[in-house]
Amino acid sequence: MSSLLDNHPSVASTPDCVLMGFYEFWTDFGDLPSNELIDTFVDQFATLFIGSKPSKVHRSANCYGDAVGFNTLGEARDQTLSADIGVFRNSMLEMLPDNATVTRRLFFQTLHVAYANAIGHRLETGAIISFGLHTTPRHAATAFADDFPDCRFLHMARDPIQTLGSQFRAHVEAVRLGLRTYDPTVPSDVTLTRFFSGKPALEWVKFQSRVVRLEDLHRQPKKTMMAVCGWLGIPWDDSLMQSTMNGLKYWNDNTSAHQVSGFSEAIVSQRHEAYITRFDRFRYTLIFSPRFSRMDYFDGSPLMRQFPIFLFLSPLILLPFRTERIMFRGAPLMKCVKNYVSMRLRICQYILKPHDIVPMIF
């Protein structure tokens, strides 16, 4: 979504995920005078200006280079993300009071305008800011909402079974590349995280929030993005049909199963059968139906949404899933047992006490 909003003349943004650590940065350096604060920001978020360099802020440290596709931008996939540091710094100095402390809100606003100047992105009057919170800590979401009480939260949702398979495939690929080792906590982590999809970032912003389904974005892109425009209050622009970072064509990150730019039916049609058997798919449908039917997933299984059906079939989840059999290889027995039991207890907890879900955008 951020790559589609990237080049819109009414949207000021930075490359998606790099500023995830903004509020961590502010906690450490927000009391510095403006001139020093600008230089520190440039130093801490180096990726914004040279896409192949890591940032120093912990939450943003892995969002750079090949890992997120910042080295393979442009039509020929031979350009690296960049921005002019000099233009950025001068723009910030022009907008902020000289050598004085500034509010977090003001600094946040000016850095987005200055970054647009640094990449040559001309903004229309009344432009909005697009900021990727991602799975940010609660205190950061609270700080963001405190600074911008009229903010809007745009959630992305996906068929939970497809998401589970995609995340597990990415982990196995990382193991194959030697970046990680088999971890028995992964099956429970990726499964249980699905229950938080579409949960309001904060209780009091539910009605300032909407969910967009990834399937709608890939299968009905123009209709979906027009609905997004209407909700955000920005005019339609053809740039919304192109996936870019800093105006350069974006080809997805290097862990994606499909290195494509923009919309693709193949992305939302994956079955991940190497990790999810038919029996497992049936059991995941049983687990997720009561929650995700509210997002119009699992339309063909109305019985699965009924709590008595879950109770009747619940013994089936006692059998190990294929993801567990893969990740438990060679791991200490007690650690495997702990994660096996924990996952099933938490599944029951989330079904008995489901989280709220924000409304869909259309």
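Just so you know, these numbers come straight off a predicted model, no measurement behind them.
Contact of the Ser3 side chain with the Asp16 side chain is not registered, since no non-hydrogen atoms from C-beta on lie closer than 4.5 Å. Using a 4.5 Å cut-off on side-chain heavy atoms (C-beta onward), Pro15 and Phe70 make contact. Side chains of Val358 and Arg210 form no contact here, defined as non-hydrogen atoms less than 4.5 Å apart. Considering only heavy atoms from C-beta on, Lys335 comes within 4.5 Å of Thr185 through its side chain. Annotation: side chain of Ser55 is not in contact with side chain of Cys63 (no heavy-atom distance under 4.5 Å). Phe298 has its side chain out of reach of Leu286: every pair of non-hydrogen atoms, C-beta onward, lies at least 4.5 Å apart. Side-chain contact check for Met245 versus Gln79: every heavy-atom pair is 4.5 Å or farther apart. The shortest distance between side-chain heavy atoms of Arg219 and Ser269 falls below 4.5 Å.
Enclosure of atom CZ in Arg271 is not indicated, since only 12 or fewer non-hydrogen atoms of other residues, nucleotides or ligands lie within 6.0 angstrom. Heavy-atom contacts from other residues, nucleotides or ligands closer than 6.0 Å to CE of Met241 number more than 12. Atom NZ of Lys249 has more than 12 heavy atoms from other residues, nucleotides or ligands within 6.0 Å. Around atom CG of Asp43, more than 12 heavy atoms belonging to other residues, nucleotides or ligands sit under 6.0 Å away. Residue-environment remark: CZ (Arg122) stays at or below the threshold of 12 foreign heavy atoms within 6.0 Å. His355 NE2: more than 12 foreign heavy atoms inside a 6.0 Å radius. Dense packing is recorded around CZ of Phe148, with more than 12 heavy atoms of other residues, nucleotides or ligands lying under 6.0 Å away.
Once rounded to the nearest 0.5 Å, the distance linking OG of Ser91 with NE2 of His112 reads 14.0 Å. To the nearest 0.5 Å, atoms CG (Asp150) and CD1 (Ile128) are separated by 12.5 Å. The distance from the CG atom of Asp31 to the CG atom of Leu37 is 9.0 Å, given to the nearest 0.5 Å. Taking OG1 of Thr323 as the reference point, atom CE of Met343 lies at 6.0 Å (rounded to 0.5 Å). In this structure, OH in Tyr284 is found 10.0 Å from CZ in Arg281, a value given to the nearest 0.5 Å. If you take CD1 on Ile309 and OG on Ser314, they are separated by 11.0 Å, rounding to the nearest 0.5 Å.
The two residues Pro187 and Pro184 have their closest heavy-atom pair at CD-O, 3.5 Å. Heavy atoms only, all atoms of each residue included: Leu19 and Phe131 are closest at O-CE1, 3.5 Å. The minimum heavy-atom distance between Gly198 and Met295, with the atom names listed, is CA-CE, 3.8 Å. Across all non-hydrogen atoms, the minimal contact from Ala145 to Trp204 is CB-NE1, 4.3 Å. Across all non-hydrogen atoms, the minimal contact from Ser188 to Asn339 is OG-OD1, 3.6 Å. Between Thr47 and Leu81, the shortest heavy-atom distance links the atoms O-CD2, 3.4 Å.
Asn35 places a side-chain N or O within donor-acceptor distance of the main-chain N or O of Asn99, the cut-off being under 3.5 Å. Remark: the backbone N or O of Leu164 is not paired with any side-chain donor or acceptor of Arg194 at under 3.5 angstrom. Put simply, the side chain of Trp236 never gets that close to the backbone of Gly230: no donor and acceptor are under 3.5 Å apart. Although no hydrogens or angles enter the test, the distance criterion places no donor-acceptor pair under 3.5 Å between the side chain of Ser197 and the main chain of Thr193. Under a 3.5 Å cut-off, the side chain of His155 and the backbone N or O of Pro359 do not form any donor-acceptor pair. No donor-acceptor pair closer than 3.5 Å links the side chain of Gln44 to the backbone N or O of Phe25. Under a 3.5 Å cut-off, the side chain of Ser10 and the backbone N or O of Ala127 do not form any donor-acceptor pair. Without hydrogens or angle criteria, Thr244 side chain to Asp6 main chain gives no donor-acceptor distance under 3.5 Å. Listed for the Tyr340 side chain is a donor-acceptor partner under 3.5 Å among the backbone atoms of Leu318. Between the side chain of Ser60 and the main chain of Gly21, a donor-acceptor pair closer than 3.5 Å is present.
Under the 4.5 Å side-chain heavy-atom criterion for Ile, Leu, Val, Met, Phe, Trp and Tyr, Phe321 and Leu333 are members of distinct hydrophobic clusters. Linking ILVMFWY residues whenever their side-chain heavy atoms come closer than 4.5 Å, directly or via other members, leaves Val42 and Met95 in distinct clusters. Placement of Phe328 and Val172 in two distinct hydrophobic clusters is found when ILVMFWY residues are connected by side-chain heavy-atom separations under 4.5 Å, directly or transitively. Under a hydrophobic-cluster definition in which Ile, Leu, Val, Met, Phe, Trp and Tyr are linked whenever side-chain heavy atoms come within less than 4.5 Å, directly or via other members, Ile129 and Val18 are assigned to the same cluster. Hydrophobic clustering (ILVMFWY, side-chain heavy atoms < 4.5 Å, transitive): Leu352 and Leu311 are in one cluster.
Aromatic ring centres of Phe195 and Phe288: separated by under 6.0 Å. Remark: aromatic rings of Trp26 and Phe108 are distant, center separation not under 6.0 Å. The distance between the ring centers of Phe88 and Phe41 falls below 6.0 angstrom. In this structure, Phe144 has its ring center at least 6.0 angstrom away from the ring center of Phe22.
A cation-pi arrangement, defined by a distance under 6.0 Å to the six-membered ring centre and an angle within 45 degrees of its axis, is absent between Arg278 and Phe282. Relative to the ring axis of Tyr297, Arg213 places its NZ or CZ within 45° and under 6.0 Å from the centre.
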Show your working on ring-ring contact (aromatic ring centres under 6.0 Å, His included) between Phe196 and Tyr350 and close with a plain yes or no. CA-CA 9 Å; Phe196 293 88; Tyr350 291 148; 5.3 Å; yes
Evaluate the side chain to side chain contact (heavy atoms under 4.5 Å, CB included) criterion for residues Leu106 and Leu96: first the C-alpha distance (whole Å), next the side-chain angles of each, then the deciding distance (0.1 Å), finally the verdict. CA-CA 8 Å; Leu106 177 61; Leu96 294 178; 3.8 Å; yes
Checking His171 against Asp183 for the side chain to side chain contact (heavy atoms under 4.5 Å, CB included) test, could you report, in this order, the C-alpha distance in whole Å, the side-chain angles of both residues, the deciding distance, and whether it holds? CA-CA 9 Å; His171 186 88; Asp183 184 348; 4.2 Å; yes
Using side chain to side chain contact (heavy atoms under 4.5 Å, CB included), reason through Tyr250 and Leu73 one step at a time and then give a plain yes or no. CA-CA 5 Å; Tyr250 178 60; Leu73 300 174; 3.6 Å; yes
Under the criterion side chain to side chain contact (heavy atoms under 4.5 Å, CB included), I'd like the reasoning laid out for Ile287 against Phe292: C-alpha separation, chi angles, the key distance, then a yes or no. CA-CA 10 Å; Ile287 292 168; Phe292 283 88; over 6 Å; no
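Ion pairing between Glu324 and Arg283 fails under the 4.0 Å rule for side-chain N and carboxylate O. Look at Asp216 and Lys223 and you find no salt bridge, because none of the NZ, NE, NH1 or NH2 atoms lies under 4.0 Å from a carboxylate O. Taking a cutoff of 4.0 Å between a charged side-chain nitrogen and a carboxylate oxygen, Asp280 and Arg322 do not qualify as a salt bridge. With salt bridges taken as basic N to acidic carboxylate O contacts below 4.0 Å, none links Asp189 and Arg346.
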